[in-house]
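First comes the structure, then the notes that go with it.
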Protein chains: 2
Amino acid sequence: MYQYQYPHPAVTVDCIIFGFDGQNLKVMLVQRKSEPFAKMWALPGAFVNEDESLESCAERVLMKEGNISGVYLEQLFTFGTPSRDPRERVISVAYMGLVKTADFELIAGNDELQIEWRDVEQVGDLAFDHNDILATAIQRIRGKIRYQPIGFELLDSKFTLPQLQQLYEAILGQSLDRRNFRKKLLSMQILKQLSEKQQNVAHKAAFYYEFDRERYEVLMKEGIYLELV
Amino acid sequence: MYQYQYPHPAVTVDCIIFGFDGQNLKVMLVQRKSEPFAKMWALPGAFVNEDESLESCAERVLMKEGNISGVYLEQLFTFGTPSRDPRERVISVAYMGLVKTADFELIAGNDELQIEWRDVEQVGDLAFDHNDILATAIQRIRGKIRYQPIGFELLDSKFTLPQLQQLYEAILGQSLDRRNFRKKLLSMQILKQLSEKQQNVAHKAAFYYEFDRERYEVLMKEGIYLELV
DNA sequence: CCAAAAGTGTTTATAGTACACCCATGC
DNA sequence: GCATGGGTGTACTATAAACACTTTTGG
């Protein structure tokens, strides 16, 4: 038993993990085994341990659900409505993660019946206030992808420009002009073209590119403001 | 005594309240009466009550320190490094507030020796990790003022364009061209010019303007993206 | 040779930037 | 009449937006 002089809320970290399958933006969901909200789908999360930072807690969740580490993570928002959990006062710090789905091995935790990637447009009613959390995350990724090179976190390290454009279109929910998209992305010089091309495609093969992180860091140090789309 | 089966951290809300004195951007600081960090300056804050939302807690802090309500508040970030408070694990949800200093009556709380507006450039060492929190807030306001009409929250409802420009220059830490600044702000049509002018100034009197909130909301509904500076 | 998707340039419109002089007011 | 700060317009540059045809590949 843990005793305190004043009431202390429980604190969890809930994770919105976005992935991309080449067509649509996906989010990782788990199906709860126990009450409250048994059998409902929810965002993966964990209670924060006593000596663990919030970010480490998010990393622990990723390790638990998919045996993965070292991915892009950012704090999203903290949800603290007193009634958001029927058991007790629970404050949830939400983290947004961007991963390559291929690197992830989905492993349902002990409290979970299933785990899966779900299209962000086909998420039904989630447990707790997780629909609100997801909505906040979608808003964040839509805003951020325009001026920070976070899209690359969702693709393999080698990707074609049409794949990158498809990702932007899926996230923004609108189509973009191919010529203008290429012109803009290439003009910032944060992409390295490889000599390698796509193989076995029934049309002209696209070149692969890589994100040039060093070049990007140089631009950031110079205080250059990117507007990617 | 409050008992829990698992350890629960304490949760506080700390507030970064920005004000503007016509020249420089100010932040509200309180001087701590007791340990830890006795006599040091800190951001005003409070422990979150059991049945209070995070936002209500921030509002309570504002009411306590300055008997004010109904001001602009937004959640900034949650700071949760395990060692950030030497007493016990304390997670702090930071809120940023923008106020008109004239509306505020500074009232030192029971735990506080003093309370004052301090120039953001002249804040020394603060208690806890409050220098980090302040740095995050300055970054946020600098980013946000470029595309959201939050500057008006720091000025009287009637203001002149040179006053508004002075505010932008203070926040961004750079000077702006007067003609271009006026052109841009006026072109978005979110300012209403009043017939009234400045009085008793030893130079040409400037016209007063008001922020046109209804017009702004219409623009937002149309999905128009403003870039104010 | 056909279908499918990749690659490519130019023109036009819009927005940003740089810059200097006259005007109104109080003392 | 002088010092102080308010108000204004134009030319130039850079960026954004619109738009159609040719190329490569597998089947």
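The basis for the numbers below is simple: all heavy atoms, side chains too, and nothing from hydrogens, waters or symmetry mates. Quick note on labels: first sequence line is chain A, next is B, and so on, each numbered from 1.
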Q: Would you kindly say whether Tyr208(A) and Glu210(A) are connected by a side-chain donor-acceptor distance under 3.5 Å?
A: no
(Q) Rounded to whole Å, please give me the gap between CD in Glu196(B) and P in dG6(D). (A) 17 Å
Q: Could you please spell out the steps behind the salt bridge (Lys or Arg N to Asp or Glu O under 4.0 Å) verdict for Arg84(A) and Asp129(A)?
A: CA-CA 6 Å; Arg84(A) 58 180 294 285; Asp129(A) 53 359; 2.7 Å; yes
Q: Please determine if Arg32(A) forms a cation-pi arrangement with Trp41(A), meaning its NZ or CZ atom is less than 6.0 Å from the six-membered ring centre and no more than 45° off the ring axis.
A: no
(Q) Distance check needed: dG7(D) P versus Leu191(B) CG, whole Å only. (A) 12 Å
Q | Most 5' of His203(A) and Lys183(A) on DNA chain C, judged by nearest nucleotide | A | His203(A)
Q: Could you verify whether a donor N or O on one side chain and an acceptor N or O on the other, from Thr78(B) and Thr78(A), lie under 3.5 Å apart?
A: yes
**Q.** Those residues that, when tested against Gln139(A), pass side chain to side chain contact (heavy atoms under 4.5 Å, CB included) (two or more places apart)
**A.** none
Q | Contact interval (first through last nucleotide) of DNA chain C with protein chain B, 4.0 Å heavy-atom | A | dG16(C) to dG26(C)
Q | Which residues share a side chain to side chain contact (heavy atoms under 4.5 Å, CB included) with Val218(A), sequence neighbours left out | A | Glu222(A)
Q | Check: dT22(D) base within 3.5 Å donor-acceptor of Lys204(A) side chain | A | no
Q. Does Phe104(A) have any ring-ring contact (aromatic ring centres under 6.0 Å, His included) partners at least two apart in sequence or in another chain, and if so, which?
A. Trp117(A)
**Q.** Nearest-angstrom distance from the residue atom NZ of Lys197(A) to C1' of dT25(D)
**A.** 10 Å
Q) Which residues within residues 158-182 of chain A lie with some heavy atom under 4.0 Å of an atom in DNA chain D? A) Asp177(A), Arg179(A), Asn180(A)
Q: Step through it carefully: locate the ring centre of Phe79(B), locate the ring centre of Phe128(B), and say whether they are under 6.0 Å apart.
A: no
Q: Heavy atoms only: give me the nearest Glu227(A)-Met188(A) pair and the separation to one decimal.
A: O-CE, 3.2 Å
Between protein and nucleotides 14-16 of chain D, what N or O pairs are separated by less than 3.5 Å?
from, atom 1, to, atom 2, distance (Å)
dA16(D), OP1, Lys184(A), NZ, 3.0

Q.
Can you confirm whether the side chains of Gln166(A) and Tyr168(A) place a donor and an acceptor under 3.5 Å from each other?
A. no
**Q.** Whole angstrom value for the distance that separates P of dT23(D) from CZ of Phe207(A)
**A.** 16 Å
